[in-house]
Amino acid sequence: MKKTLRTSRYNHKDIENHWRDLWYTDNIYEAVDFSSKPKKYILAELPYPSGKSIHVGHAMRYTVPEIYSRYLRMQGYNVLFPMGWDAFGLPTEMYALKNNVTPQEATQKLAVDYKKAVMDIGYAIDWKREINTTDPGYYKWTQWLFLKFFENGLAEYKEMPVWYSPSCGILADEEVINNTAGEKVAERDASPVERKMFKQWVLKIPAYADKLLAGLEKIDFPEQIKNAQINWIGKRVGINITYNVKNSSEKVTVFTTRPDTNFGATFIVIAPEHPLVAKITTPENREKVHEYVRKAKNKSELERMGEGTKNKSGAFTGSYAINGLNGYAMPIYVSDYVLMTFGTGAVVGVPGHDARDFEFSQLFSIPVIRVVVGKDGDISPIERLDQVQEDVGTMVNSDFLNGLDIHTATEKIMDYLEQQGMGTRTTVFSIRDWVFSRQRYWGEPIPVIHKQDGRLEAVTTTADKVGVDRYLPVELPFSTDYTAEKDGTPPLGKLKDWVKTTDLQGMPAERETQTMPTWAGSSWYFIRYIDPRNSRAFADFDKMKYWLPVDRYFGGAEHTTVHLLYSRFWFRFFYDIGLVPCPEPYQWRMNGGLLLGPDGKKMSKRYGNVVEPGVLIENYGADATRLALAFIGPYTDTYPWNENTIVAMWRLVRTMYLLKDKVKTLTEEEKNTAAYKRANVSYNKLTKAVTSMIEVLKMNTAISEIMIFLNELKKYDYVDTHMWRGFIKVIAPFTPFVAEELWQTTNNYTMWEKNNSVHLQAWPTFDSKILEENELTIPVMINGKVRGQVNVVNTDTDVKVKEKVLADEKLVKYVTKDTILKFIYIQKKIASIQVKM
RNA sequence: GGGCGAGUGGCGGAAUGGCAUACGCGGCAGACUUAAAAUCUGCUGGCCGCAAGGUCGUGAGGGUUCAAGUCCCUCCUCGCCCACCA
């Protein structure tokens, strides 16, 4: 055991290296299963190690939650604040290629580097719970959980239209974004993408859409996040209406949420991919329709976007559908503004009350019928786009619906259509099956085999009991070839010996060669932290019962509709099959903002504006770095990094450190001075303010309070020992290293003893009696302007304060007994007076 | 086009409807120094004024209130997310 350091100058390196070793060696931040203390599970999204080392932006997102976790520990909670590495995926593969190592080697090295960086900042982590998603002991359970989806019919192997980029291969919807020019590109490398059909594994998240919506009501997420998820799920209640095609036995079914406007329907549009296209196109229109469909299919999504939503196009099939309500013959067109993937792939055109339908009607001179009158009472024909009303009004020209409000009309006509056998109420969702396979090397192999007869078989069907260890994990075989064939055969497909296997009957079979997406390992990682070394189960049920749900979850806004929603889906499914103890994984969520480069641009190697925490820690120390990251602004906001801030924080830490020389145990007599009393008020204010600010995660203003207190202390010659010890505990979550140094010194501990660490001490309390001010000065406002002050005491009544105001010689020129119209005194806040002008 | 945010000094940002600009950065002045750096002290929203003080001021305009950065209405700008979703 080492002796406590004692230096007269502030040397961050000596202090930090010294305590870091002792903390982690003795694992002082241990999270204890089944502890009798109340638990708090504080989680920050696990990092994805793909660059040289941890990014200062990551560090900002971890620092605030980590300060909070330290505070909770000092408040007597059994805290779990874990850390691990999400290391499968393309960036690691790219990193490996660039550095001429294997992804296995790259991952190992990055995990070590990242861990060192995280340790250097001094995060309070129980390293016994560290996980790595690429560890076979981990992904065995990712595969096992995947098989639960498979066994329950929620994982399917089917032809899917997928995004394809030559450089990234096949991508999920979530990995494709619109660039600034409005083109669809791969999020990863901005390469253009196109649509292709491919046999894919999908997870059927739409089956859980309703449960995921309902679950939102019980959890404490910001409205913004809830809305984004609701929007993403895109639940729409409407009706499928079936129309007969004139002179044909065919029928066309459309989905609409606005059946109330159906008396105004003047055409039908079907998607180019719709199976009816071939059946109902009349011979004289065949050539034109065929040409249109061919062009639409060849158009990449990029071109469709490029042409924008303004320019409608289409072709007439020559057929008509009969509106069962009024016998109107609606011409049927093909147009790419209708998507095969939403609703029924066919829409009914009501140009008077839908902007897109109106635009399309103009293209083919289709009649426009008004069936809704808005608030303005305008009943003139609809001739311009700006006259198209969508969601308010009263029905006209609509037979038995006339005069009804549109919402009442909607219900009435849906009842009618159902009674007449013309329609069926339907709910549709915009959320799609989650494409869950990749044609990449560096991921979890999907643990399924293809039997000779084409049927699929889970690598283990005896799962839970003894079988699991015999068959899982399906280990990722070693390979140095990470590229897919042009035909889509994944890299693993090239390893012929590995692909060849046998099924449970011993017959020859082939392994699945696609791997899982990066999202797989991170969909359940927070469960594994609870029981990271369990080899018999993904986690012990009783331990889950103790720790779950996560109390506070911190992460990036970019994960709102991806990771955050999809991992809720995993968890909710596990709950339904009895694997986990509660329906929702995360009780509370906050999204972190972004830290920009000093130039205000997003930190990126391209701009050369990346700030590395390692450099900051080297130059200014971890304590100053932590303060800078927490002080710079509120957690949820985005702002640029400013080098000056950390210099100021270094000075602040030094000021705190050097204060130790002013510490003295004051006698009762010395405590009986005005100076001591003032200092004591400041100290109690500090404790109270910091406590309430940490509770609401406003670390920036909490640090301001620490600065205010230090500015106050400068005025005195001595700092009382009792106050000093409380102060050290207040700063402990923010600047753990210097706090430990000061704590050990002030207590004269010569030997390190785990239980004596400041971080395991109780959070200081404050005395609200000391903060009650008996006498204070309040502003006096006259006709809305502050014109002076008066001194009041607690017991002053309105009448007393009024007397004081009237007696004030400065105020007399603004107010006298005779000019007062109205007098308001807000206790201990303000006096506000209306006077005659 | 839809949804969600946000507009406060030179900059990052504070402010349960109650003295707008806390705290920090930067700037200015002073102390220490042969000098500089570092450190310390003071000042620091605009305008008028020697000063006391006055006056304007939280994107723009209106409203509610004794009192509005904060609440309500109209508008402007910026950011993020979603988007021919019927």
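- A:R258 has no side-chain polar atom (N or O) that falls below the 4.0 Å cut-off from OP1 or OP2 of B:rA86.
- Note on A:K685 versus A:E712: no salt bridge recorded, every NZ/NE/NH1/NH2 to OD/OE distance being 4.0 Å or above.
- When the side-chain nitrogen and oxygen atoms of A:N711 are compared with OP1 and OP2 of B:rG24, one or more of them lie within a distance under 4.0 Å.
- Nearest-nucleotide positions on RNA chain B for A:T256 and A:I632 put A:I632 closer to the 5' end.
- Using a 4.0 Å cut-off, some side-chain N or O of A:K698 falls inside it from OP1 or OP2 of B:rA15.
- Between A:R651 and B:rU39, a side-chain N or O to OP1/OP2 separation shorter than 4.0 Å is present.
- Between the CG atom of A:N783 and the P atom of B:rC66 there is a distance of 12 Å, rounded to whole Å.
- Under 4.0 angstrom from either OP1 or OP2 of B:rA14 there lies at least one side-chain N or O belonging to A:N700.
- A salt bridge is defined here as a Lys NZ or Arg NE, NH1 or NH2 lying under 4.0 Å from an Asp or Glu carboxylate O, and A:D220 with A:R589 fails to meet this definition.
- Under 4.0 angstrom from either OP1 or OP2 of B:rC56 there lies at least one side-chain N or O belonging to A:K785.
- Counting to the nearest Å, the P atom of B:rC80 and the CG atom of A:N591 are 15 Å from each other.
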Side chain to side chain contact (heavy atoms under 4.5 Å, CB included) assessment of A:F358 paired with A:V350: CA-CA 7 Å; A:F358 181 83; A:V350 184; over 6 Å; no

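- For the pair A:E772 and A:K688, the salt-bridge criterion is not met [side-chain N within less than 4.0 Å of a carboxylate O].
- A salt bridge between A:D808 and A:K810 is absent, with no side-chain N of the basic residue lying under 4.0 Å from a carboxylate O of the acidic one.
- Taking the O4'-C1'-N9-C4 or O4'-C1'-N1-C2 dihedral as appropriate, B:rG9 has a value within 90° of 0 and is therefore syn.
- Remark: A:Y814 is in phosphate contact with B:rG54, judged by side-chain N or O atoms under 4.0 Å from OP1 or OP2.
- Two residues, A:A557 and A:K810, neighbour RNA chain B, and the one matched to the more 5' nucleotide by heavy-atom proximity is A:K810.
- Distances shown here put every side-chain N or O of A:R432 at or beyond 4.0 Å from the OP1 or OP2 atom of B:rC85.
- Note on A:R787: a side-chain N or O is less than 4.0 Å away from OP1 or OP2 of B:rU55.
- A straight line from CG of A:L776 to C1' of B:rC19 spans 13 Å, rounded to a whole angstrom.
- A:E643 has its CD atom 15 Å from the C1' atom of B:rG24, to the nearest Å.
- Among the atoms of the strands shown, none is found under 4.0 Å from any heavy atom of A:E558.
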